[in-house]
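Whatever order the structure lists ligands and atoms in, that order sets their numbers, starting from 1. We count residues from 1, following the sequence as given.
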Amino acid sequence: MNQILITADRLWDGSGAATMQRPVVRVAAGKIDSVEGALLSPATCSGERVDFPGCTILPGFIDTHVHLVMGALDTSAAIIEQIAGDSEAQLLARIEGNARKALSVGLTTVRDCGGTKTHVQQVRDRIRRGEIVGPDILACGSPITTTLGHCHWLGLVADSYEEVERAAQRMLAEDVDFLKVMATGGNMTPTSNPMTAQYNARTLARITEIGRNANKHAAAHVLSQAALASVVAANYRTIEHCDWRVEEWRYEFDPELARRMIDQNQFAGLTMSGFTRRAFDPRLRNLDLPPIKRLDARFACERQMIDFGVRYTLHTDAGVTLCPIEKFALGMRAAEVELKLTPSEVLRAATSSAAEAICLPDRGVLQAGKRADLVVAEGDPTRDLQALENIRAVMKAGVWYHRLPV
Ligand SMILES: [Zn+2]
């Protein structure tokens, strides 16, 4: 059996355990065969051996919320207009391009939270067949939303209980990996209102039920408490954004709801999109936009939620305004600053916690038997997340996709 032996200065395995010094990772048949802490004698190498002095080996990163079809332009209006004006070929080309960029920065898995028609599934399948290069993609097709509701321009409008049922069934027929609903309005769509629920509790519960019957998880977009209680009650696996806003400028953490989220092992998907990177981009600090002006209150509430013990992932919402997918590292660095997390906590949210949140038990940690999805970063990202901006190598399922000379 052809083996690959990888060595580096250190390894962080995704579980949160201490960094291992002088690791040797043995990969065979697309999986991790072993992770050991002492250098083996050369005689035991039967295949390729690759050394990364000065580097750290980590699990491949997982972004649990991206939009591969979106162009990360300067305004939401421009993004919407671009999608409306593009041909099928242009939409597919953008999805493919974003997928390629994602893999090059270390994302070996992304969950696409809303695209057009079956385009994301088509790209997912082409990657799976080895025709093009990209991360593993989990697709929801389009998100279920109301007439003129959040992201209605992606094309899956359903208002009544029966229409929502049909929309969810249609997504399953179009071979999606999970279901996504816009439970409240969103900032991107001016005809929608983030402060109001788009569906009642019964309708939201029907979506998770349809998903469960097909063995698929479900994700709900929640930008205020108007829908949070019913999304928790319906046991959505991931609550995207998980905003605790009760009024335009006021956030209010609810320990009772949070307790239920913990009991049901639900995950909050915390959004580190373009606006949140204000610490690294002076241009953003000067923008007079409500989502930016609300950031301090939002992060304070999210920190409360983390301290309470709610499980979370950190995602970028890549594709939205000023948020290109290749800037993944900047989103993670912003989480460290804004949510006062340690680098290891940030990394866990984008590896092992992310894998668990989106129901992929075969990845997210570097342990024997797991898929060989790994990233080699120059330096030590467990001390300084800026190291994520210097990715030396990316392996997905035992295959090198991107390897720069050290
Ligand atoms: Zn989104």
Do N187 and S76 have side chains that get closer than 4.5 Å, going by heavy atoms?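 A side-chain contact under 4.5 Å is absent here.
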
Heavy-atom check, side chain of N235 versus side chain of Q266, under 4.5 Å: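 The answer is yes; the side chains approach within 4.5 Å.
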
Suppose the cut-off is 2.8 Å; which protein N/O/S atoms would you list for the Zn ion (ligand 1)?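 Under 2.8 Å from the Zn ion (ligand 1) - ignoring waters, which are not counted - the protein N, O or S atoms are H65 NE2, H67 NE2, D317 OD1.
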
How would you list, by chain and number, every residue that makes a side chain to side chain donor-acceptor pair (under 3.5 Å) with T189, sequence neighbours excluded?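 Scan of T189 (side chain to side chain donor-acceptor pair (under 3.5 Å), adjacent residues dropped) gives H150, W153.
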
Centre-to-centre under 6.0 Å for Y251 and W244, is that the case here?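 No, the ring of Y251 stays outside the 6.0 Å limit from the ring of W244, centre to centre.
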
Would you call the rings of H217 and F178 parallel, tilted or perpendicular, taking 30° and 60° as the class edges?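 Taking F178 first and then H217, their aromatic rings lie parallel (interplane angle under 30°).
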
Do the side-chain N and O atoms of R111 and T64 include a donor-acceptor pair separated by under 3.5 angstrom?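 No - no donor-acceptor pair under 3.5 Å links their side chains.
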
